[in-house]
Amino acid sequence: DRTVLKRKEVIFNLDRIITEINRIKPDILLLQEVDYDSKRSAYVDQMQYIMDKTYFGYGYFATLWNSQFLPSDGLGRINEGNTILSRWPVSEGKLYPLPLRGDLDVLTKYFYARETAMSANVTMPGNKEFFVINTHLSAFSPDDTQLRQLET
């Protein structure tokens with residue numbers, strides 16, 4: 001029921017995630033709702049923390065929700081985004097804003113997350129390149145927002 005965690009709680013949960021990452025050993029990992037400089041996650045740079053404790057040497061972060069102050073649930077400062085982590089070099093990162101929810105009033109929409117898609121070029125050994133796409137769609141919209149976001 002809490003929206004703001006203590007640093008030791010954030011670190012404990014990140015360490016559990018890192019244990020699984022290091023056990024499974026994915027070549028590329030796509031994450032959503034990764035916090036950077038956010039009150040709710042005790043201002044822990046979650047992407048950097050994961051990179052420091054795994055074998056991922058490359059990463060790209062794209063903000064989807066950046067606000068100096070959110071008046072809801074004591075959230076305060078938030079900077080949340082999607083992340084691409086990779087064993088191999090990542091370049092040409094791009095951010096694509098997606099349509100906003102249509103069911104929100106103007107004030108709520110002002111503070112609400114701006115869902116996005118992001119892409120990056122990954123270069124595997126032997127100079128084999130491919131694009132990775134990571135998206136975060138609107139989870140709670142009761143209208144056609146997700147369809148419009150996918151079409152974008």
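The figures that follow rest on heavy atoms only: side chains count, while hydrogens, waters and symmetry mates do not. Quantities reported herein were computed from a predicted structural model and do not represent experimental measurements.
When all heavy atoms of P142 and D103 are compared, the closest pair comes out as CD-OD2, 3.0 Å. Considering all non-hydrogen atoms of both residues, T145 and G102 come closest at OG1-N, 3.6 Å. Smallest separation of non-hydrogen atoms from Y43 and D37: CD2-OD1, 3.4 Å.
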Expected list for residues 16-31: side-chain donor-acceptor pairs under 3.5 angstrom, two or more places apart:
| residue | atom | partner | partner atom | Å |
| --- | --- | --- | --- | --- |
| T19 | OG1 | D15 | O | 2.9 |
| E20 | OE1 | R23 | NE | 3.0 |
| E20 | OE1 | R23 | NH2 | 2.7 |
| N22 | ND2 | I18 | O | 3.4 |
| N22 | ND2 | K53 | O | 3.1 |
| K25 | NZ | N22 | O | 2.6 |
| D27 | OD1 | R87 | NE | 2.8 |

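To the nearest 0.5 Å, atom NE2 of residue H136 and atom CZ of residue R114 are 14.0 Å apart. L100 contributes atom CG, which lies 8.0 Å from atom CD of Q149 (distance to the nearest 0.5 angstrom). Between the CE atom of M118 and the OG1 atom of T63 there is a distance of 9.5 Å, given to the nearest 0.5 Å. Put simply, CD on Q146 and CG on L137 are 5.5 Å apart, with the number rounded to the nearest 0.5 Å. Rounding to the nearest 0.5 Å gives a distance of 4.5 Å between OG of S138 and CD of E115. For the atom pair NZ of K94 and OG1 of T116, the computed distance is 15.0 Å after rounding to the nearest 0.5 Å.
Side chain of S38 to main chain of R40: no donor-acceptor pair is present (N/O by atom type, distance under 3.5 Å, no hydrogens or angles). In this structure a side-chain-to-backbone donor-acceptor pair under 3.5 Å is present from Q46 to D35.
Donor-acceptor pairing under 3.5 Å is recorded for the side chains of Y96 and S119. Checking D52 against Q48 by side-chain atom types alone, a donor-acceptor pair falls below 3.5 Å.
F61 places a side-chain heavy atom less than 4.5 Å from the side chain of N79.
Clustering of Ile, Leu, Val, Met, Phe, Trp and Tyr by side-chain heavy atoms under 4.5 Å joins F131 with none of the others.
In this structure, I84 is a member of the same hydrophobic cluster as Y58, with clusters built from ILVMFWY side-chain heavy atoms closer than 4.5 Å. Under the 4.5 Å side-chain heavy-atom criterion for Ile, Leu, Val, Met, Phe, Trp and Tyr, L85 and V122 are members of distinct hydrophobic clusters. Clustering ILVMFWY residues whenever any of their side-chain heavy atoms sit less than 4.5 angstrom apart, transitively, puts W88 in a cluster other than the one holding M51. A single hydrophobic cluster is seen to contain both V132 and M124, as judged by linkage of ILVMFWY side chains at heavy-atom distances under 4.5 Å, directly or through other members. L14 and I78 fall into different hydrophobic clusters, where Ile, Leu, Val, Met, Phe, Trp and Tyr residues are linked whenever their side-chain heavy atoms come under 4.5 Å apart, directly or through other members.
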Side chain to side chain contact (heavy atoms under 4.5 Å, CB included) between T135 and L98, worked out:
CA-CA 9 Å; T135 188; L98 298 176; 3.7 Å; yes
Test side chain to side chain contact (heavy atoms under 4.5 Å, CB included) on Y36 and M47; report intermediate values, then the result.
CA-CA 8 Å; Y36 167 80; M47 178 180 153; over 6 Å; no
Give the C-alpha distance, both sets of side-chain angles, the deciding distance and a yes or no for side chain to side chain contact (heavy atoms under 4.5 Å, CB included) between F140 and L104.
CA-CA 11 Å; F140 304 108; L104 300 175; over 6 Å; no
